[in-house]
Amino acid sequence: TNTSLDARMTSERRHVKLERGEALFRVAHEQRPFEVEARGRLLRAVGTVFSVRVDQDASVLLVIEGAVRVAPVNGGGSVLVTASQRFDMESGARTRASADTIDRALAWREGMLDFDGVSLDIVVAEVERYTGAHFEFADPDLASLSMAAYFRAADLDGFISLLETSYSLLRVRKTEQGYLIERRPDR
């Protein structure tokens, strides 16, 4: 998933710096704190399960079990994010995460992508991240089409087929730069 991280374990602490990508942490309860540094935030957990995702545009903490304390790396006030909560590390917003939301967010562990009512540009960005393929939209309005789908993350041909069968108005054409998503000429 194009993840880049640096892990340092010492006798005093367990520290992971997540530069980009996504990681799921199942933290054993012990004396040494477990910390994840991501986008200028320090996430500290003991005996919990949580996921952190850092992308170019956003960084999100999803707590599945237990709790994670979030604070700026350089010090300052902290916030406690508890089980079934999603925390946007850019805005500081906390929202409830339903079981379905958590399952969708963690589908990548099984090599799958799961979307429900997400704009096509977000789906395409995820496919690009997993496959290395590059997509462009011939018409920017196509990027805002809503998509609900569950498919294998690395199956580029399957994704293209899914696009063309789910949206009868779309076709995907191979180009020198990658793939072009466009309206079918007869639509």
Side-chain angles (χ1 to χ4, degrees), residues 1-119 121-133 147-154:
T1 63
N2 197 21
T3 297
S4 173
L5 59 81
D6 179 39
R8 301 193 186 247
M9 306 298 163
T10 67
S11 58
E12 290 83 38
R13 71 181 197 160
R14 300 168 289 170
H15 184 87
V16 175
K17 185 171 186 178
L18 182 62
E19 297 290 339
R20 71 174 179 277
E22 189 167 9
L24 177 70
F25 302 97
R26 188 172 304 276
V27 182
H29 183 74
E30 63 173 75
Q31 291 299 101
R32 297 180 301 163
F34 182 87
E35 303 167 332
V36 176
E37 185 179 334
R39 278 269 173 90
R41 302 273 185 158
L42 191 63
L43 318 172
R44 183 170 289 164
V46 177
T48 190
V49 179
F50 64 101
S51 171
V52 180
R53 178 165 176 167
V54 175
D55 285 333
Q56 189 173 355
D57 303 325
S59 36
V60 174
L61 163 67
L62 181 63
V63 179
I64 295 103
E65 296 174 11
V68 176
R69 183 157 303 281
V70 180
V73 169
N74 57 2
S78 66
V79 62
L80 187 67
V81 183
T82 59
S84 300
Q85 286 189 329
R86 180 184 183 279
F87 180 75
D88 183 313
M89 290 190 277
E90 307 304 314
S91 70
R94 263 188 298 184
T95 55
R96 185 182 178 292
S98 69
D100 281 348
T101 299
I102 291 169
D103 288 345
R104 276 191 185 83
L106 299 179
W108 60 269
R109 294 178 309 158
E110 306 298 325
M112 304 299 287
L113 294 174
D114 191 353
F115 301 99
D116 185 22
V118 175
S119 64
D121 61 335
I122 291 172
V123 175
V124 165
E126 282 296 286
V127 170
E128 288 177 332
R129 190 165 77 98
Y130 281 88
T131 65
M147 184 171 203
Y150 180 76
F151 57 93
R152 191 148 303 286

Check: Arg20 side chain, Asn2 main-chain N or O, donor-acceptor pair, under 3.5 Å
yes
Hey, is the main chain of Ser78 close enough, under 3.5 Å, to the side chain of Arg69 for a donor-acceptor pair?
no
Thr82 and Val63: CA distance, side-chain angles, deciding distance, side chain to side chain contact (heavy atoms under 4.5 Å, CB included) verdict:
CA-CA 6 Å; Thr82 59; Val63 179; 5.8 Å; no
Checking Arg8 now: which residues fulfil side-chain hydrogen bond (donor to acceptor under 3.5 Å, both in side chains) with it, not counting sequence neighbours?
Asp6
Go through Ser84 and Ile102 one step at a time and tell me if the side chain to side chain contact (heavy atoms under 4.5 Å, CB included) criterion holds.
CA-CA 8 Å; Ser84 300; Ile102 291 169; 4.2 Å; yes
Distance-only polar pair, side chains of Glu22 and Thr3, donor-acceptor under 3.5 Å:
no
Could you check if a side-chain atom of Leu61 sits within less than 4.5 angstrom of a side-chain atom of Arg41, using non-hydrogen atoms only?
no
By side-chain hydrogen bond (donor to acceptor under 3.5 Å, both in side chains), which residues pair with Asp55, not counting sequence neighbours?
Arg53
Could you tell me if the side chain of Leu43 sits less than 4.5 Å from the side chain of Phe25, heavy atoms only?
no
Closest non-hydrogen atom pair between Ala28 and Arg14, with its separation
O-NH1, 3.3 Å
Under the side chain to side chain contact (heavy atoms under 4.5 Å, CB included) criterion, do Leu113 and Val127 qualify, and how do the steps go?
CA-CA 8 Å; Leu113 294 174; Val127 170; 4.3 Å; yes
Rounded to the nearest 0.5 Å, what's the gap from CZ on Arg109 to CG on Asp103? Could you check?
8.0 Å
Shortest non-hydrogen contact from Glu128 to Ala133?
CG-O, 3.1 Å
Contacts of Arg86 meeting salt bridge (Lys or Arg N to Asp or Glu O under 4.0 Å) (sequence neighbours excluded), chain-then-number -> none
Going by ring pair (Phe, Tyr, Trp, His ring centres under 6.0 Å), name the residues that satisfy it together with Phe151, two or more places apart in sequence or in a different chain.
Phe159
Only counting residues at least two apart or in another chain, list the ones meeting ring pair (Phe, Tyr, Trp, His ring centres under 6.0 Å) with Phe87.
none
With a 4.5 Å cut-off on side-chain heavy atoms, are Glu126 and Val118 touching?
no
After noting the C-alpha distance and the side-chain angles of Ile64 and Arg26, does the key distance pass the side chain to side chain contact (heavy atoms under 4.5 Å, CB included) rule?
CA-CA 10 Å; Ile64 295 103; Arg26 188 172 304 276; over 6 Å; no
Considering non-hydrogen atoms only, spot the tightest contact between Leu62 and Ala105 and give its length.
CD2-CB, 3.6 Å
Leu80 and Gln85: which non-hydrogen atoms are nearest, and at how many Å?
O-OE1, 4.1 Å
Just verifying a value: how many Å separate Arg39 CZ and Asp88 CG, rounded to the nearest 0.5 Å?
10.0 Å
What distance separates Leu18 CG from Glu37 CD, expressed to the nearest 0.5 Å?
10.0 Å
How many angstroms lie between CD in Glu19 and OG in Ser4, if you round to the nearest 0.5 Å?
5.5 Å
Heavy atoms, side chains only, cut-off 4.5 Å: are Val16 and Met9 in contact?
yes
For Ser98 and Asp100, which I'm curious about, is there any donor-acceptor pair between the side chains at under 3.5 Å?
no
When you measure from the side chain of Arg129 to the backbone N and O of Gly21, does any donor-acceptor pair fall under 3.5 Å?
no
Nearest heavy-atom approach of Asp114 to Ala107 is CB-CB, 3.9 Å
Not counting sequence neighbours, which residues clear salt bridge (Lys or Arg N to Asp or Glu O under 4.0 Å) with Asp116? List them please.
Arg104
Grab the two heavy atoms, one from Ala45 and one from Val27, that are nearest each other, plus how far apart they are.
O-CG1, 4.1 Å
Compare all side-chain heavy atoms of Arg152 with those of Met112 and state whether any distance is below 4.5 angstrom.
yes
